[in-house]
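Heads up: the structure comes next, in structure tokens.
These numbers come from the heavy atoms of this one structure, side chains and all, not from hydrogens, waters or symmetry mates. Note on naming: letters A, B, ... go to the chains in the order of the sequence lines (proteins, then strands), and numbering restarts at 1 for each one.
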Amino acid sequence: MIKDKILEKLNRTLEQCADKDIFQVPSGFELQLEVPRAEEHGDFATNLALNLAKPNRCSPRDIATSFVEQLADGDGLFLEVEIAGPGFINLVISPSAWYKVLDEIARLQQNYGRSELGRGKYVQVEYVSANPTGPLHVGHGRGAAVGDALATILQATGHKVEREYYINDAGTQIDTLGRSVFLRYQQLLGRQIEFPETCYQGDYIQVLAKEMKEIHGDSYLDSSEEEALPVFSEHAARRILEGIRKDLEDFGVHYDRWFSENSLYENGTVDRVIETLKASGHIYEKDGALWFRSTALGDEKDRVVVRGNGMTTYLASDLAYHQDKYLRGFDLVIDLWGADHHGYVERMYAGVVALGKKRENLKLLLVQLVNLLRKGKQVTMSTRAGEFVTLEDVIDEVGRDAARFIFLTRRSDSPLDFDLELAKEKSADNPVYYVQYAHARISSIIRLADERQLNLDSPEKVDLTRLSLPEEMALIKQLSLYPEVVENSARFLEPHRIPYYLTQLASAFHSYYKHNRIIQDDLSLARARYYLVKAIRIVVGNGLGLLGVSAPEQM
RNA sequence: GCGCCUGUAGCUCAGGUGGAUAGAGCAACGGACUUCUAAUCCGUAGGUCGGGGGUUCGAAUCCCUCCAGGCGUGCCA
């Protein structure tokens, strides 16, 4: 990478300056190198002189001048070195160095953009984890897209990643589910029963009740809840979970492991973790309940883990669950939660610390709400009344690629407007097609070149100096940025940087394409442009791959 | 009340953890296909980065404060 090369040179020069006592470099000083916004400020700029001025008590420009004098550029990487403004050192990189970016892309292909950033790090990403009490809705879709992309990005940067879905198959919501189906079942068999508001209202409950009727006839009609509930709950949860798995499959989201909350109770993990925390003084008894002393670890109040009636709370199994995660050896555990859980965040961090891990070993990401729109108008959704647009509906209507891409265009902690009509539109308004179209167009060029047997694809004959237009240099520079975008996306756990980058790259390509012909009589020029355009296709394809969006060859 | 998040162009949002003159897309207006896909391109316009103070060579970015909005604040899940 060009940036690494520059950094190496600059750092060496810095050491030299310090050795020769030209100026002082404080220990731990970190050199900053950035791509300036304004073109006239060069390809790269460093503010090192500005930062070193104070400790040396002299002007930034003096530092910059002596630094530049020491800067040796044996292999001609720099075309120009300039001191500007208050003391920035601006660097212009020679075209020959830029051309090597294209060679690198051609050599690495699908591996261009992959890195070793996370080598040796074992990361778990847990996402969606919706309760098996109803079908997935749009909000879950966002969590699925973000979690899946994040996991892929982490893999691409060398992390070892496991994807997991936590099934909340214990607790009162499962009883409620069973009761809901049981009541509908009884109604179906002619009983006049009032259906309480606290039960699940959706049509899918009716469907499940019908299934129970088909399987068991009326044999549970006169059963007590005690007798019926386990059977009804088990069937309902299993069927709903099957649906969830199928929806996620259809969305292109796969898991390495489906983890049952219930198993934590069955194998005694929950009890064990409570005992452990009691022994370490993190859990105490008060008013007949067991409390987790989370205030000692930054939470605003202590939290109950076992209620006075002996029932455990959600937190109890979550503590057990996270202990289990760390026992499996993860260095970093990432949980994606719906934004409505945000009051829960601090106690979870506290829990992880109480379990003997560091706060940094856990990263809780909140995925904000999805505002579903149709032609700019809000689509009403009410969970209570059981009216919501399911993920399945959305995928059926707008397609997998559009849905995934749109879910990933915003940072996940800000609310997202999702317009169904816009998502279907095949125009520039719709960033998915805009990016995919760039890939398809290049593919089309490649097809045409093949058909005409122009033999443009012969790297050994390529004369890259033919790429001399400003747009061409700009495209190459943009391509060179891609690995860094992926790295930052992984470092900050922000997948939205990828779609943003891809949209910009696609934009630059479309403009270039419109104004310049790739295939043409000047074969030497054609070969060079073909080489460039192929590199663009690789990067677009790789980027879309990270998002789980297809890269079509034709549209 | 307390806690967390958000506030950038008419709308939806970027802004690479402090850099130089603030960035896209949409909407608006005006243009461009007999040549590799018009699902495209080109141009015009649009701003007190919520207000105020501070930190420093330098702030949309960090700190304080105020204003506005959202969410949370169960022995619920």
Task: Aromatic-base stack, A:Tyr500 on B:rA14, cutoff 5.5 Å, angle under 30 - done: no
Open item on the list: Suppose you measure atom C1' in B:rU61 against the same atom in B:rG16; what distance do you get, rounded to whole Å?
Closed with: 12 Å
Open item on the list: Need one value for A:Asn51: base, sugar-phosphate or nothing, where a base atom within 4.0 Å counts as base even if backbone is also close, heavy atoms only.
Closed with: base
- [ ] Can you figure out which of B:rU12, B:rC36, B:rG15 approaches the side chain of A:Arg410 most closely?
- [x] B:rU12
- [ ] Using atom types as modelled and distance alone, determine if a side-chain donor or acceptor of A:Tyr314 lies under 3.5 Å from a backbone N or O of A:Gly171.
- [x] no
Open item on the list: Please report the distance, rounded to the nearest Å, between CZ in A:Arg517 and C1' in B:rU37.
Closed with: 12 Å
Task: Parallel, tilted or perpendicular: rings of A:His341 and A:Tyr344 (30°, 60°) - done: perpendicular
- [ ] Return the value, rounded to whole Å, for the distance between atom CG of A:Leu50 and atom C1' of B:rA20.
- [x] 10 Å
Open item on the list: Heavy atoms only, 4.0 Å cut-off, all strands: where does A:His515 land among base, sugar-phosphate and nothing?
Closed with: sugar-phosphate
Open item on the list: Under 4.0 Å, heavy atoms only, any strand: does A:Asn516 hit a base, just the sugar-phosphate, or nothing?
Closed with: base
Open item on the list: Whether A:Arg37 contacts B:rU21 is assessed here as follows: a side-chain N or O lying under 4.0 Å from the phosphate OP1 or OP2. Is that the case?
Closed with: no
Open item on the list: Looking only at the side chain of A:Tyr433 (C-beta and beyond, no hydrogens), which of the listed nucleotides B:rG19, B:rA39, B:rA77 gets closest?
Closed with: B:rA39
- [ ] Sticking with atom P, work out how far B:rU56 lies from B:rC63, rounded to a whole angstrom.
- [x] 16 Å
- [ ] Have a look at A:Leu448 and say if it touches a base, only the backbone sugar-phosphate, or nothing, with a 4.0 Å heavy-atom cut-off.
- [x] sugar-phosphate
- [ ] Output yes when a side-chain donor or acceptor of A:Tyr437 lies under 3.5 Å from a complementary backbone atom of A:His510, and no otherwise.
- [x] no
- [ ] Look only at the side chain of A:Tyr204 and the backbone of A:Thr133, and say whether a donor-acceptor pair between them is shorter than 3.5 Å.
- [x] yes
Open item on the list: Can you tell me which nucleotide in B:rC36, B:rG16, B:rA14 comes closest to the side chain of A:Val35?
Closed with: B:rG16
- [ ] Would you mind telling me which of B:rG15, B:rC75, B:rU37 lies closest to the side-chain atoms of A:His496?
- [x] B:rG15
Open item on the list: Once you apply a heavy-atom cut-off of 4.0 Å, does A:Asn47 come out as touching a base, just sugar-phosphate, or nothing?
Closed with: base
TODO: Using only heavy-atom distances, decide whether a donor-acceptor pair under 3.5 angstrom links the side-chain of A:Asn90 to the base of B:rA20.
DONE: yes
Open item on the list: Regarding A:Ala45, tell me which of base, sugar-phosphate or nothing describes its non-hydrogen contacts under 4.0 Å with the strands shown.
Closed with: base
- [ ] Pick the C1' atom in B:rA68 and in B:rA32, then give their distance to the nearest Å.
- [x] 45 Å
TODO: For A:Asn168, report the nucleic acid contact type (base, sugar-phosphate, nothing); a contact means any heavy atom under 4.0 Å.
DONE: nothing
Open item on the list: What contact category does A:Gly171 fall into here, base, sugar-phosphate, or nothing, at under 4.0 angstrom with non-hydrogen atoms?
Closed with: nothing
Task: Atom-pair distance (OH on A:Tyr513; P on B:rC33), nearest Å - done: 16 Å
TODO: Please evaluate the base of B:rG3 for a donor-acceptor partner in the side chain of A:His342 within a cut-off of under 3.5 Å?
DONE: yes
Open item on the list: So, OP1 or OP2 of B:rC41: does either fall under 4.0 Å of a side-chain N or O from A:Tyr434?
Closed with: yes
Task: Identity of whatever pairs with B:rU56 - Watson-Crick or G-U, under 3.5 angstrom - done: none
- [ ] In whole angstrom, give the distance that lies between atom NZ of A:Lys514 and atom C1' of B:rC36.
- [x] 11 Å
TODO: Examine B:rG16: is either OP1 or OP2 under 4.0 Å from a nitrogen or oxygen in the side chain of A:Arg491? Give yes or no.
DONE: no
- [ ] Classify the nucleic acid contact of A:His510 as base, sugar-phosphate or nothing, counting any heavy atom under 4.0 Å across all strands shown.
- [x] sugar-phosphate
TODO: Check every strand shown and say whether A:Ala38 touches a base, only sugar-phosphate, or nothing at a heavy-atom separation below 4.0 Å.
DONE: nothing
- [ ] Tell which nucleotide pairs with B:rU44, taking only Watson-Crick or G-U wobble pairs whose two distances are both under 3.5 angstrom.
- [x] B:rA28
Open item on the list: If you only use heavy atoms from C-beta on, which nucleotide in B:rC75, B:rU37, B:rA20 is closest to the side chain of A:Ala84?
Closed with: B:rA20
- [ ] Return no unless some side-chain N or O of A:Lys54 is found under 4.0 Å from OP1 or OP2 of B:rC57.
- [x] yes
Open item on the list: Counting the atoms with a prime plus P, OP1 and OP2 as sugar-phosphate, which does A:Thr313 contact under 4.0 Å by heavy atoms, base, sugar-phosphate, or nothing?
Closed with: sugar-phosphate
Open item on the list: Please confirm whether the shortest side-chain N or O distance from A:Arg307 to OP1 or OP2 of B:rA77 is below 4.0 Å.
Closed with: yes
Task: Anti versus syn assignment for B:rU17, with syn defined as within 90° of 0 - done: syn
- [ ] Provide the distance between the two C1' atoms, one in B:rU55 and one in B:rC5, to the nearest whole Å.
- [x] 24 Å
TODO: Would you classify B:rC33 as syn or anti? Syn applies when the glycosidic angle is within 90° of 0.
DONE: syn
TODO: Look at all strands and tell whether A:Glu487 reaches a base, only sugar-phosphate, or nothing, counting heavy atoms closer than 4.0 Å.
DONE: nothing
Task: Contact under 4.0 Å: A:Ser511 side-chain N or O vs B:rC42 OP1/OP2 - done: yes
Task: Within 6.0 angstrom of A:Glu40 CD, more than 12 heavy atoms from elsewhere - done: yes
- [ ] Evaluate the side-chain proximity of A:Asp457 to A:Lys534: yes if any heavy-atom separation is below 4.5 Å, no if none is.
- [x] yes
Task: Any A:Lys301 side-chain N or O less than 4.0 Å from OP1/OP2 of B:rC2 - done: no
Open item on the list: A:Glu484 vs A:Tyr501, test: side chain to side chain donor-acceptor pair (under 3.5 Å). Steps then yes/no.
Closed with: CA-CA 11 Å; A:Glu484 209 180 328; A:Tyr501 169 84; over 6 Å; no
Open item on the list: Give me the atom names and distance for the closest heavy-atom approach of A:Gly87 to A:Ile83.
Closed with: CA-CG2, 4.4 Å
TODO: Looking at every strand, decide which applies to A:Gln520 at a 4.0 Å heavy-atom threshold: base, sugar-phosphate, or nothing.
DONE: nothing
TODO: Name the closest nucleotide to the A:Ala440 side chain, picking from B:rU37, B:rA77, B:rA39.
DONE: B:rU37
